[in-house]
Amino acid sequence: MTKTHITRPMKLKYLGFGFHKDSKTKKWKCRPHQESVKKFKDRLKGLTCRKIPGTVTGKIEKINQVTRGWINYYALGSMKTAMTKIDAHLRTRLRVIIWKQWKVPRKRQWGLQKLGVGKDLARLTAYCGDRCYWVATMMFMVIIL
C-alpha cells in the first residue's frame, strides 16, 4: 500500500529512474532520479575521503568499479549532464588528494614541474599556502592533472 500510488510521470521514481518529457520530440524519456544521483555522489565522496588510507591508484580503481556499475545500470536513461557535473567534481577532489599528499611546498613545486609546469609558476603555486581547493580548481591544474 505504501509503494502503490497514482502520480504524474515527472514525480515518479521507479527502480531509481525518473522521467521527463523531451523538449524536441515531446516524448517521455527516463534518466536517473535526483535521489539516485545524490546517493551516487555521496558514495563517491566516501571513496575520495582523505581519511581513508590507501594510494591514489587504489582509490581510482575502486571509483572506476563503482562508476562502471552505476553507468551500466542507468545506461538506458539520459545522464550526460549529471555525469559531466559529477566528473568535474570528482576530478577536483582527486586533485585535492594529490595536492595534500605533496605536503611541503618544495615537494609541490617538484611535482608541478614534473607534470610540465614552468619553474616560476610552479613556485608561485607551491608557496601559496594551504588553500588546496583553490589550487585544485586553477586553470592550469585542471589541464595537467
Side-chain angles (χ1 to χ4, degrees), residues 2-3 7-25 27-145:
T2 58
K3 291 186 177 182
T7 184
R8 296 185 183 272
M10 297 284 282
K11 297 181 180 179
L12 181 66
K13 179 182 175 187
Y14 182 69
L15 297 176
F17 285 95
F19 300 94
H20 71 285
K21 207 169 203 176
D22 190 23
S23 60
K24 294 179 184 176
T25 61
K27 293 184 179 180
W28 288 101
K29 292 191 174 182
C30 64
R31 64 179 167 202
H33 196 268
Q34 295 145 350
E35 291 177 16
S36 303
V37 173
K38 185 181 180 311
K39 215 166 147 182
F40 179 58
K41 285 181 186 178
D42 291 342
R43 178 75 196 262
L44 291 177
K45 186 175 181 179
L47 291 174
T48 57
C49 179
R50 289 188 290 126
K51 293 179 183 177
I52 297 174
T55 62
V56 176
T57 55
K59 288 182 182 188
I60 290 174
E61 286 175 7
K62 186 65 177 167
I63 290 168
N64 285 341
Q65 289 175 355
V66 171
T67 306
R68 212 175 284 123
W70 197 83
I71 288 175
N72 285 335
Y73 182 79
Y74 291 105
L76 190 66
S78 55
M79 57 181 160
K80 185 176 180 180
T81 55
M83 288 308 293
T84 52
K85 289 178 184 178
I86 291 171
D87 180 57
H89 184 67
L90 184 63
R91 288 174 187 266
T92 302
R93 286 185 66 88
L94 289 173
R95 272 187 243 113
V96 167
I97 290 171
I98 292 169
W99 190 254
K100 291 299 268 186
Q101 281 185 348
W102 298 337
K103 294 184 178 188
V104 293
R106 187 177 49 192
K107 175 77 172 180
R108 290 175 178 171
Q109 181 181 353
W110 172 83
L112 289 173
Q113 285 179 338
K114 189 176 175 185
L115 292 171
V117 178
K119 185 175 182 179
D120 294 332
L121 185 58
R123 186 170 180 81
L124 282 173
T125 308
Y127 287 91
C128 71
D130 199 26
R131 299 179 290 176
C132 53
Y133 192 80
W134 177 78
V135 170
T137 55
M138 291 177 72
M139 184 50 95
F140 74 90
M141 290 288 283
V142 171
I143 293 170
I144 61 171
L145 281 178

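Fair warning: this is a prediction, and the values are worked out from it, not measured in the lab.
Considering only heavy atoms from C-beta on, Val117 stays 4.5 Å or farther from Gln113 through its side chain. Side chains of Val37 and Ile86 form a contact here, defined as non-hydrogen atoms less than 4.5 Å apart. Annotation: side chain of Lys62 is in contact with side chain of Gln65 (closest heavy-atom distance under 4.5 Å). Put simply, the side chain of Arg93 reaches to within 4.5 Å of the side chain of His89, judged on heavy atoms. Residues Trp99 and Leu112 are in side-chain contact: their nearest non-hydrogen atoms beyond the backbone lie under 4.5 Å apart. For the pair Tyr73/Pro32, no side-chain contact is recorded, criterion being any heavy-atom separation below 4.5 Å from C-beta on. Contact check for Thr67 versus Met83: side-chain heavy atoms found under the 4.5 Å cut-off. Two residues are said to be in side-chain contact when any heavy atoms from C-beta on lie closer than 4.5 Å; Phe40 and Met79 fail this criterion.
Residues Tyr127 and Pro105 approach most closely at CE2-CB, 3.4 Å, considering heavy atoms.
Taken from CG in Leu15 to OG in Ser36, the straight-line distance is 9.5 Å, to the nearest 0.5 Å. In this structure, Cys128 SG and Arg108 CZ are separated by 7.5 Å, a value rounded to the nearest 0.5 Å. For the atom pair CG (Leu121) and CD (Gln109), the distance works out to 10.5 Å, reported to the nearest 0.5 Å. A distance of 7.5 Å separates OG1 in Thr84 from NZ in Lys80, rounded to the nearest 0.5 Å. In this structure, Lys119 NZ and Leu124 CG are separated by 12.5 Å, a value rounded to the nearest 0.5 Å. Note that the CZ atom of Arg95 and the CZ atom of Arg91 stand 7.5 Å from one another [nearest 0.5 Å].
No donor-acceptor pair under 3.5 Å is formed between the side chain of Lys59 and the backbone N or O of Ile97.
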With side-chain contact (heavy atoms from CB on, under 4.5 Å) as the test, would you mind laying out the steps for Cys49 and Ile52 before giving the verdict? CA-CA 6 Å; Cys49 179; Ile52 297 174; 4.1 Å; yes
Could you walk me through whether Lys27 and Lys21 pass side-chain contact (heavy atoms from CB on, under 4.5 Å), step by step? CA-CA 5 Å; Lys27 293 184 179 180; Lys21 207 169 203 176; over 6 Å; no
Determine, step by step, whether Val96 and Val135 satisfy the side-chain contact (heavy atoms from CB on, under 4.5 Å) criterion, reporting the C-alpha distance in whole Å, the side-chain angles of both residues, the deciding distance to 0.1 Å, and the verdict. CA-CA 8 Å; Val96 167; Val135 170; over 6 Å; no
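The environment of Gln34 atom CD is sparse: at most 12 non-hydrogen atoms of other residues, nucleotides or ligands sit within 6.0 angstrom. Open room surrounds OH on Tyr133; 12 or fewer heavy atoms of other groups in view lie less than 6.0 Å from it.
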